[in-house]
Amino acid sequence: DQQVKQNSPSLSVQEGRISILNCDYTNSMFDYFLWYKKYPAEGPTFLISISSIKDKNEDGRFTVFLNKSAKHLSLHIVPSQPGDSAVYFCAASDHTDKLIFGTGTRLQVFP
Amino acid sequence: GAGVSQSPSNKVTEKGKDVELRCDPISGHTALYWYRQRLGQGLEFLIYFQGNSAPDKSGLPSDRFSAERTGESVSTLTIQRTQQEDSAVYLCASSLWRLNTGELFFGEGSRLTVL
């Protein structure tokens, strides 16, 4: 049972445009959501997070939106840069401190 | 150390052999997590430790998998009688305390190939 789903395995965006990565979850007990970025042969690195009491969190070029009623969150990257090319994982946590990851979306930003 | 260190970085073994994977977390980090990533799939939770205790072992795929942590530091993930479906990258991560900031620091992983 995949509790965190990223239905788009890949996304290709032109440099300077907006990248939108989507994530859906099924467990209503999740109250904390995170995005991680992973380059090849490296471990994932934390990007941005959002608590369930908020619907938006912004950090520079990165904004995460949370729609609790739809159990959906998205990561917006604007403007996209070639260095953003990586695999992005959505993750969710409940009060147990266990972090559940999605299957990832490979973002490619081309010039 | 400066970051989470895992060893070996690469391990090739024959089906039926036992393997041990080691994780050295960031000094002072009390929480330690093990995940695995099979080819083309997401990160699958295996187990996590608070200190030396494992509150949640629900992700361990079978009784062939076990993990321990000592001295609130090094952790070892052991896979007995390896099978081909165990082939994956095994990732270790640590965090300072509770998961309230998202700051889970990952190692580079141990790539296991079972022939």
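Chain letters run A, B, ... following the sequence lines, proteins first and then strands; every chain starts at 1.
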(message) If I take atom CZ from residue F45(B) and atom CD1 from residue I100(A), how far apart are they, to the nearest 0.5 angstrom?
(response) 6.5 Å
(message) Is the distance from the ring center of Y35(B) to that of F101(A) below 6.0 Å?
(response) yes
(request) Please say whether more than 12 non-hydrogen atoms of neighbouring residues, nucleotides or ligands are located less than 6.0 Å from CD in E14(B). (result) no
(request) Please check if atom CZ in R17(A) has more than 12 non-hydrogen atoms from other residues, nucleotides or ligands closer than 6.0 Å. (result) no
(request) Tell me whether I20(A) is reachable from L75(A) by hopping between hydrophobic residues (I, L, V, M, F, W, Y) whose side-chain heavy atoms are closer than 4.5 Å. (result) no
(request) With a 4.5 angstrom heavy-atom cut-off, could you sort out which part of Q37(B) is near chain A: side chain, backbone, both or neither? (result) side chain
(request) Please check if Y33(B) and I47(B) belong to a single hydrophobic cluster, counting links between Ile, Leu, Val, Met, Phe, Trp and Tyr side chain heavy atoms closer than 4.5 Å. (result) no
(request) State yes or no: are the ring centers of F106(B) and F46(A) separated by less than 6.0 Å? (result) no
(request) Take atom CG of L39(B) as the centre, draw a 6.0 Å sphere, and report whether it contains more than 12 heavy atoms from other residues, nucleotides or ligands. (result) no
(request) Under 4.5 Å heavy-atom distance to chain A, tell me which part of S9(B) shows up: side chain, backbone, both or neither. (result) neither
(request) Report yes if some heavy atom in the side chain of Y36(A) is under 4.5 Å from a heavy atom in the side chain of L104(B); otherwise report no. (result) yes
(request) May I ask you to test the F89(A)-L43(B) pair for a side-chain heavy-atom distance under 4.5 Å? (result) yes
(request) Answer yes or no: is there a side-chain heavy-atom contact under 4.5 Å between L91(B) and P44(A)? (result) yes
(message) Are V89(B) and F65(B) linked, directly or through intermediate hydrophobic residues, by side-chain heavy-atom contacts shorter than 4.5 Å (ILVMFWY only)?
(response) no
